[in-house]
Amino acid sequence: MKKLLVFVMLLVATIAESQAQEHIDALLNGDIESNRHGLTMRSAVKRDPATGEIIKRVLELTAIDDKSLAKEFIAAFKLDRNTAEAWDENEGGTIYNVTAVWLNPKRVYTLATNGSMITVIAQTIYREEKNNNN
């Protein structure tokens with residue numbers, strides 16, 4: 001019975017991990033760039049030069065004059081809130097800012113809106129960088 005309980009707990013933890021930030025990622029990975037004006041997306045990947053392994057990935061989305069996209073991202077962040085390990089939120093008037101953190105891999109997602117302007121930064125850190133200066 002204990003083995004079954006441990007198995008179920010691991011299964012639940014795995015499912016919860018896989019569902020973390022799923023609403024935010026769905027928006028970021030969707031086809032939003034092709035049908036919106038005033039939208040820019042930039043991405044960068046840092047790799048280990050020795051192995052080629054991805055160390056960190058950063059995606060930045062900025063949209064100007066797109067209140068509907070701002071509302072979609074606010075809703076996605078609020079839906080994914082319960083899966084975050086850390087959450088810092090500030091809201092007032094037309095301003096809404098939030099930083100959310102998930103672990104394994106470490107993900108730090110930031111949303112900043114001011115009326116119809118929105119910026120989303122999604123960082124995924126797969127492993128800490130080795131300091132070769134020592």
Side-chain angles (χ1 to χ4, degrees):
M1 185 65 168
K2 286 183 183 180
K3 287 182 181 180
L4 178 61
L5 181 60
V6 170
F7 175 75
V8 170
M9 289 173 58
L10 287 173
L11 182 63
V12 168
T14 303
I15 291 169
E17 179 69 32
S18 69
Q19 292 178 339
Q21 80 278 338
E22 72 176 75
H23 298 96
I24 301 166
D25 284 346
L27 278 174
L28 288 172
N29 296 328
D31 189 24
I32 57 175
E33 189 170 13
S34 65
N35 61 0
R36 304 221 184 229
H37 299 287
L39 178 75
T40 57
M41 290 185 78
R42 299 184 308 173
S43 65
V45 174
K46 185 168 190 173
R47 295 183 179 272
D48 183 324
T51 65
E53 179 184 7
I54 296 175
I55 297 171
K56 180 179 182 180
R57 181 188 65 134
V58 179
L59 175 66
E60 180 182 86
L61 173 143
T62 303
I64 300 170
D65 246 359
D66 199 333
K67 289 182 182 180
S68 66
L69 186 60
K71 287 179 183 179
E72 287 180 57
F73 270 103
I74 290 170
F77 267 79
K78 288 183 176 184
L79 284 169
D80 290 341
R81 180 181 187 160
N82 63 338
T83 64
E85 275 81 23
W87 187 268
D88 182 34
E89 178 180 53
N90 295 307
E91 188 172 7
T94 61
I95 297 173
Y96 180 74
N97 297 316
V98 63
T99 299
V101 178
W102 290 269
L103 303 175
N104 198 21
K106 184 176 183 182
R107 293 175 183 253
V108 180
Y109 285 19
T110 304
L111 168 67
T113 65
N114 187 356
S116 62
M117 183 171 174
I118 178 173
T119 301
V120 178
I121 300 172
Q123 297 182 60
T124 304
I125 303 164
Y126 295 99
R127 68 173 173 85
E128 296 299 322
E129 293 184 62
K130 296 175 184 172
N131 189 351
N132 293 330
N133 295 333
N134 294 338

Visitor: When rounded to the nearest 0.5 angstrom, what distance separates CE in Met117 from CD1 in Ile64?
Guide: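 These two atoms lie 5.0 Å from each other.
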Visitor: Can you name the salt bridge (Lys or Arg N to Asp or Glu O under 4.0 Å) partners of Arg57, sequence neighbours left out?
Guide: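 Salt bridge (Lys or Arg N to Asp or Glu O under 4.0 Å) list for Arg57, sorted by chain: empty.
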Visitor: Please name the pair of heavy atoms, one in Ile118 and one in Leu69, separated by the smallest distance, quoted to 0.1 Å.
Guide: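 Of all heavy-atom pairs spanning Ile118 and Leu69, the closest is CD1-O, 4.0 Å.
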Visitor: Output yes when a side-chain donor or acceptor of Trp102 lies under 3.5 Å from a complementary backbone atom of Thr83, and no otherwise.
Guide: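 It does hold such a pair.
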Visitor: Measuring from Thr62:OG1 to Leu39:CG, what's the distance to the nearest 0.5 Å?
Guide: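 Atom-to-atom, Thr62:OG1 and Leu39:CG are 8.0 Å apart.
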Visitor: With rounding to the nearest 0.5 Å, note down the distance linking CG in Leu59 to CE in Met41.
Guide: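 Atom-to-atom, Leu59:CG and Met41:CE are 4.5 Å apart.
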Visitor: Which heavy atom of Asp80 sits nearest to which heavy atom of Glu22, and what is that distance?
Guide: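 For Asp80 versus Glu22, the nearest heavy atoms are OD2-N, 3.4 Å.
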Visitor: Suppose clustering is done on Ile, Leu, Val, Met, Phe, Trp and Tyr with side-chain heavy atoms closer than 4.5 Å. Which residues sit in the same group as Ile121?
Guide: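 Same cluster as Ile121: Val58.
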Visitor: Has the side chain of Asp48 got a donor or acceptor atom that lies under 3.5 Å from a matching backbone atom of Glu53?
Guide: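 The answer is no, because no donor-acceptor pair under 3.5 Å joins these two groups.
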Visitor: Which donor-acceptor pairs under 3.5 Å do side chains of residues 93-100 form with protein atoms, sequence neighbours excluded?
Guide:
from	atom 1	to	atom 2	distance (Å)
Thr94	OG1	Asn114	OD1	3.3
Tyr96	OH	Glu89	OE2	2.5

Visitor: Any idea which heavy atoms bring Leu103 and Glu85 closest together, and the distance?
Guide: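 Leu103 and Glu85 have their closest heavy atoms at N-OE1, 3.0 Å.
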Visitor: Can you tell me how far the CZ atom of Phe73 sits from the CD1 atom of Ile24, to the nearest 0.5 Å?
Guide: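 If we round to the nearest 0.5 Å, Phe73:CZ and Ile24:CD1 are 8.5 Å apart.
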Visitor: Looking at CD of Gln123 and NZ of Lys106, how far apart are the two atoms once the value is rounded to the nearest 0.5 Å?
Guide: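 It comes to 9.0 Å.
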Visitor: Pair Tyr109, Asp25 - check side chain to side chain donor-acceptor pair (under 3.5 Å), show working.
Guide: CA-CA 10 Å; Tyr109 285 19; Asp25 284 346; 2.7 Å; yes
Visitor: So, taking the atom named CD1 in Ile74 and the one named OG1 in Thr113, what distance separates them when rounded to the nearest 0.5 Å?
Guide: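 Ile74 CD1 to Thr113 OG1: 4.0 Å, rounded to 0.5 Å.
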